[in-house]
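As the structure is a computational prediction, the values presented were derived from the model and not from experiment. Letters go in sequence order (proteins before strands), and every chain restarts at 1.
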There are 2 protein chains.
Amino acid sequence: METWKEFEANELTHSAAHHLLAIYEVGLEYGGWARVSDIARELNITRGSVSINLRALKKRGWVETDEHHMVKLSPKGQKAAQAVMAKKAVVKTFLSSVLNVPELQAEIDSCKVEHLISQPTGEQLVHFMRFLVSGDPLAKQVLARFKNFHDQCPESKTCEVCHGHCLIEELQHAGL
Amino acid sequence: METWKEFEANELTHSAAHHLLAIYEVGLEYGGWARVSDIARELNITRGSVSINLRALKKRGWVETDEHHMVKLSPKGQKAAQAVMAKKAVVKTFLSSVLNVPELQAEIDSCKVEHLISQPTGEQLVHFMRFLVSGDPLAKQVLARFKNFHDQCPESKTCEVCHGHCLIEELQHAGL
DNA sequence: GACACTTGTTTGGTATGTCAAACATAAAAA
DNA sequence: TTTTTATGTTTGACATACCAAACAAGTGTC
């Protein structure tokens, strides 16, 4: 009932997550260190915004700075950035490789949800993808058949997501 | 490069989506109509917040009001609410029934991403779920085998989502 | 009719996250 | 050394989204 407020309570905001990713990205070329203007350039926002945002990220222990304004991820920040990247990657791969969602759309969608996926869900999706590439012939077959199914699906032409609602009943009838 | 800003550009905010859902929910018992205080009670926020938020929703054409402050979804708002509900439902079902994510976690995760899933992605996920319950024996087998795989997965104990990063390389090698 | 209750709106406050513009300082070029 | 440029911070502004509290306008009861 109250689940909808969990969104607000999410550990990382989208903005915060991308600040961490930007620091990680810039840091790759500078031994883990980044400057405010690098981060701003990476995110395409102003230095002022980054300056203010970093204050909050520091206070919450995601990033650290030295006396020359150099910024790096804290261990906690590294873990968080790593988790976000992994979730994005696995979601994007699932969308584009299994669901056959166009590359760009998969990129956009995975980027939107990357920081919202819980650890258990992320892990299970990793398992699922690992299973699908495990060499199990069944997995290969099923992916191939889904591609065909999609092309032949009687609902293919009319199918909009709003149909998903009745689908749920179908799914429950199927005892799934 | 600029993909991360798509989050801000999303058609519906999380808050807006749940206002629409609340109006829909309340409306079920009152012929489609809802009052500010009903919506506030449903969302567990103050009437003042709802009053202000409805102004924006009206301006953008998601909701309409009559002269007695009664609120209902516009056709556009109905479509949007329907789409959000469907996306949430199909994601939740996928998480809990295919990935075996615990019910509550599936509820939370699907609620967080429901309004962020694009139409193509939602549709493809519907197709995928439909395929999995299509009666195709392959689909049944594969779901059963994934459950086993999960229990036997060598990474099962150590697996954290951060491992997903290397997984992606695996996936690419597999030509997936 | 008078009083209390419900309802919707408004106001002032907080918090996040962006901008532009002004500012101070540090680094590089002349 | 002086000047220019680059960098980081601060300020005032705007937008979203919440709160509490005050307020106005109906609704109901006695």
Side-chain angles (χ1 to χ4, degrees), chain A residues 2-23 26-27 30 33-72 80 111-112 115-116, chain B residues 2-23 26-27 30 33-72 80 111-112 115-116:
Chain A
E2 260 327 85
T3 349
W4 84 279
K5 289 197 177 178
E6 292 293 314
F7 187 88
E8 294 290 305
N10 206 61
E11 194 179 28
L12 283 174
T13 64
H14 183 70
S15 170
H18 276 278
H19 277 68
L20 300 188
L21 295 184
I23 296 168
V26 171
Y30 300 100
W33 293 99
R35 298 173 310 164
V36 169
S37 44
D38 294 329
I39 302 165
R41 187 169 23 253
E42 183 78 16
L43 293 176
N44 203 26
I45 61 179
T46 64
R47 298 194 306 273
S49 297
V50 173
S51 180
I52 291 168
N53 294 336
L54 284 182
R55 210 144 55 198
L57 293 177
K58 266 191 284 186
K59 208 176 68 185
R60 299 195 187 170
W62 307 104
V63 308
E64 296 164 357
T65 53
D66 70 5
E67 62 279 14
H68 303 305
H69 300 115
M70 296 301 281
V71 181
K72 70 167 180 178
C111 181
K112 282 183 184 173
H115 65 296
L116 296 168
Chain B
E2 262 325 89
T3 348
W4 83 279
K5 289 198 177 178
E6 291 294 314
F7 187 88
E8 294 291 306
N10 206 60
E11 193 179 25
L12 282 174
T13 65
H14 183 70
S15 170
H18 277 277
H19 278 67
L20 300 188
L21 294 185
I23 296 168
V26 170
Y30 299 100
W33 294 99
R35 298 173 310 163
V36 168
S37 43
D38 294 329
I39 301 165
R41 188 168 23 253
E42 183 79 16
L43 294 176
N44 203 27
I45 61 178
T46 63
R47 299 193 306 272
S49 297
V50 172
S51 180
I52 290 167
N53 294 335
L54 284 182
R55 211 143 55 195
L57 294 176
K58 265 190 286 186
K59 208 176 67 184
R60 298 194 188 172
W62 308 104
V63 308
E64 295 164 357
T65 53
D66 70 6
E67 62 279 14
H68 304 304
H69 300 115
M70 296 302 281
V71 182
K72 69 167 182 177
C111 180
K112 282 182 182 172
H115 65 297
L116 296 167

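- One interatomic measurement links the two molecules: CE of A:Met70 to P of D:dG8, which rounds to 8 Å at whole-angstrom precision.
- Per the geometry, CZ belonging to B:Arg47 stands 15 Å off P belonging to D:dC23, to the nearest Å.
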Under 3.5 Å, side-chain donor or acceptor atoms of residues 11-21 of chain B against the rest of the protein: list the pairs with distances, not counting sequence neighbours.
from: B:Thr13; atom 1: OG1; to: B:Ala16; atom 2: N; distance (Å): 3.0
from: B:His14; atom 1: NE2; to: A:Trp4; atom 2: O; distance (Å): 2.7
from: B:His18; atom 1: NE2; to: B:Glu114; atom 2: OE2; distance (Å): 2.5
from: B:His19; atom 1: ND1; to: B:Ser15; atom 2: O; distance (Å): 2.8
from: B:His19; atom 1: NE2; to: B:Asn53; atom 2: ND2; distance (Å): 3.1

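- Not counting sequence neighbours, the partners of B:Ser49 by the side-chain hydrogen bond (donor to acceptor under 3.5 Å, both in side chains) test are B:Thr46.
- For the side chain to side chain contact (heavy atoms under 4.5 Å, CB included) test, no residue two or more places apart in sequence or in another chain qualifies with B:Glu8.
- In this view, B:His115 satisfies the side-chain hydrogen bond (donor to acceptor under 3.5 Å, both in side chains) rule with no residue, not counting sequence neighbours.
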Report all interatomic pairs (protein N or O, nucleotide N or O of nucleotides 16-18 of chain D) with separations under 3.5 Å.
from: D:dT16; atom 1: OP1; to: B:Arg60; atom 2: NH2; distance (Å): 2.7
from: D:dA17; atom 1: OP1; to: B:Thr13; atom 2: OG1; distance (Å): 2.5
from: D:dC18; atom 1: OP2; to: B:Ser15; atom 2: OG; distance (Å): 2.9
from: D:dC18; atom 1: OP2; to: B:Asn53; atom 2: ND2; distance (Å): 2.8

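- Between B:Ser51 and A:His69, the residue anchored closer to the 5' end of DNA chain C is B:Ser51, taking for each the nucleotide with the nearest heavy atom.
- Contact footprint of chain A on DNA chain C: nucleotides with an atom under 4.0 Å from a non-hydrogen protein atom, first to last in 5' to 3' order, C:dT16 to C:dA20.
- Not counting sequence neighbours, B:Arg47 has no partner by the side-chain hydrogen bond (donor to acceptor under 3.5 Å, both in side chains) test.
- For the pair A:Asp66 CG and D:dG8 P, the interatomic distance rounds to 11 Å; values are reported in whole Å.
- Every pair tested for side chain to side chain donor-acceptor pair (under 3.5 Å) that includes a residue from residues 60-71 of chain B fails, sequence neighbours excluded, so the list is empty.
- Residues satisfying the side-chain hydrogen bond (donor to acceptor under 3.5 Å, both in side chains) criterion with B:Arg41, sequence neighbours excluded, are B:Asp38.
- Taking each heavy atom of A:Glu2 and B:Leu43 in turn, the nearest pair found is OE1-O, 4.4 Å.
- Here A:Arg55 reaches the OP1 or OP2 of D:dT10: one of its side-chain N or O atoms lies under 4.0 Å away.
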